[in-house]
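Count residues from 1 along the sequence. We use all heavy atoms of the structure for the numbers below, so side chains are in, but hydrogens, waters and symmetry mates are not. All ligand and atom numbering here is 1-based and tracks the order in the structure.
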Amino acid sequence: MTSTPELFLPRPTCNQPKSIVILGSTGSIGRQALEVAKARPDLLRVVGLAAHSNTELFAAQIAEWRPQVAALWDEDAAQRLRSMVSGSTKILGGSGGVEEVATWPQSTLVLGAMLGAAGLGPTMAAIRAGKDIAIANKETLVAAGQIVTVEAREHGVALLPVDSEHSAIAQCLRGEESRSVTRLTITASGGPFVDTPRSELETVSPERALKHPTWAMGRKITIDSASLMNKVLESIEAYWLFDVPMEQIDVLVHRQSIVHSLVTFCDNSVKAQLGVPDMRLPIQWALLHPERVSGSPPPLDLFSMGPLSFEKPDAERFPSLNFGREVMQMGGTAPCAMNAANEVAVEAFLARRTGFYGITNCIAAVLERHENVKRPALDDIADADAQARRIADEWITRNSSVI
Ligand code: NDP
Ligand code: MG
């Protein structure tokens with residue numbers, strides 16, 4: 001096992017605040033990143049923002065942060081935005097505009113907090129421009145982990161995990177030899193359906209699935225947490241970030257979301273990272289790496305807490321759990337197809353066009369028909385993504401009557 005400590009190389013610190021760009025600033029992670037930046041203006045300066053189409057909130061963010069550059073992916077929304085803002089911020093639109101923000105010369109670090117595989121283009125552009133990446137957008141690593149990590153190494157940029165589990169693992173690996181790591185254990189709250197019987201899950205509503213017990217997050221990742229697909233995406237994310245074989249990556253249900261993940265070493269010693277379930281903590285860790293400073297996240301008070309529990313996840317009720325090893329064994333564009341199918345199926349579930357198990361059934365149907373490209377280039381990833389979305393759409397349309 002040759003882990004990738006160079007991805008976490010400490011950068012030289014200087015007295016200037018770090019200039020950062022936030023892709024997905026109107027989302028759950030993006031808004032919390034701005035809170036982190038607000039708490040430490042001495043250390044962080046926001047020079048660029050990007051989002052999709054939420055013009056009202058984005059205009060308010062521009063008014064408050066006065067970034068040098070800002071872009072909305074949606075061209076019409078960008079056009080509307082131009083009439084809503086004043087000041088010197090350069091306003092851009094479309095995928096090209098978001099890429100210009102991602103590669104903005106005055107920034108040194110880009111927070112990738114966009115939703116879904118759409119984050120791949122801007123992330124690749126940022127890497128090629130030599131920016132360090134704080135990566136929340138796990139779908140990018142699932143869709144094209146090999147390409148992203150190879151290019152990050154070639155351009156000497158750091159890939160700093162924001163996902164709480166990967167932040168925990170990175171913190172546990174600090175100061176350790178990668179060859180002494182024998183297992184990564186990713187914790188899972190279990191989501192809102194941790195105790196729900198299979199028969200009830202067949203007909204469960206999107207509203208119930210959106211009620212996460214421990215984390216407040218965007219809608220897509222909340223559904224991924226309910227189906228446990230989030231843990232599949234996270235296992236693949238861990239594979240690419242830490243170069244540990246899939247057979248040595250486990251998922252452990254830990255309902256309280258206090259232990260964020262664990263690393264086992266060859267002497268059977270186990271290290272874990274703990275903290276309150278508050279994404280500002282891993283966001284701050286990634287943005288300010290390698291420094292630890294006081295900021296917004298509250299302290300953990302173990303004295304006032306009940307017992308911490310650990311359980312095996314139930315692959316019978318959550319069949320998604322089998323996809324991780326399956327698609328990584330298939331390799332090539334299979335993880336990209338799985339991710340795209342999941343994005344389509346989650347949208348369909350939220351729109352009541354398919355049931356809860358429609359999500360995993362749709363992914364299985366897409367993987368069955370997927371024409372795998374073993375050593376994909378970026379174009380092959382784009383093709384696989386588009387093909388998988390087409391097949392998933394067809395599957396949803398054909399099966400929507402069964403809800
Ligand atoms: P949200 O749905 O809350 O926010 C998504 C953000 O991405 C919004 O700012 C949205 O803009 C923007 N966006 C969507 N599509 C595009 C696009 N094509 N171009 C530019 N911006 C775009 O999601 P989250 O913040 O919950 O999640 C973001 C990422 O972080 C996901 O990959 C998720 O898996 C990951 N993550 C999230 C965690 C969490 O606690 N929320 C924890 C760990 C990882 P707009 O508002 O204009 O639509
Ligand atoms: Mg996570």
Would you check whether [X] has a nitrogen or oxygen atom less than 3.5 angstrom from a nitrogen or oxygen atom of ligand 1?
{"X": "Ser53", "result": "yes"}
{"X": "Ile221", "result": "no"}
{"X": "Ala50", "result": "no"}
{"X": "Val98", "result": "no"}
{"X": "Ile29", "result": "yes"}
{"X": "Gln32", "result": "no"}

- Message: Could you check whether Arg255 makes a cation-pi contact with Phe310, meaning its NZ or CZ is under 6.0 Å from the centre of the six-membered ring and within 45° of the ring axis?
- Response: no
- Query: Which one of Ala102, Ser28, Ala71 has a non-hydrogen atom at the shortest distance from atom 24 (P) of ligand 1?
  - Reply: Ser28
- So between Lys138, His52, Arg31, whose heavy atom ends up nearest atom 15 (N) of ligand 1? His52
Once you restrict to heavy atoms under 4.0 Å, what part of [X] touches ligand 1? Side chain, backbone, both or neither.
{"X": "Lys220", "answer": "neither"}
{"X": "Met114", "answer": "both"}
{"X": "Ala51", "answer": "both"}

- Would you tell me whether Ser309 and His254 have side-chain atoms, one donor and one acceptor, within less than 3.5 Å of each other? no
- Query: Do the side-chain N and O atoms of Trp104 and Gln68 include a donor-acceptor pair separated by under 3.5 angstrom?
  - Reply: yes
- Message: Taking the basic N atoms (NZ, or NE/NH1/NH2) and the acidic carboxylate oxygens, is any pair closer than 4.0 Å for Glu139 and Lys220?
- Response: yes
- Item | salt_bridge(Arg317, Asp314) N-O dist < 4.0 Å | yes
- Item | ligand 1 atoms in contact with Met217 (distance to a heavy atom under 4.0 Å) | 39 (C), 40 (O), 41 (N)
- Task: Can you tell me, to 10 degrees, how wide the angle at the Mg ion (ligand 2) is between OD1 on Asp163 and OE1 on Glu165?
- Result: 100°
- Item | Derivation of the side-chain contact (heavy atoms from CB on, under 4.5 Å) call for Leu367 and Glu326 | CA-CA 10 Å; Leu367 286 176; Glu326 185 187 327; 4.1 Å; yes
- Message: Yes or no: does Arg219 have any heavy atom under 4.0 Å from an atom of ligand 1?
- Response: no
- Classify the angle between the aromatic ring planes of Phe193 and Phe356 as parallel (below 30°), tilted (30 to 60°) or perpendicular (above 60°). perpendicular
- Query: Looking only at protein heavy atoms, which one is nearest to atom 46 (O) of ligand 1, and how far off is it?
  - Reply: Thr26 OG1, 2.6 Å
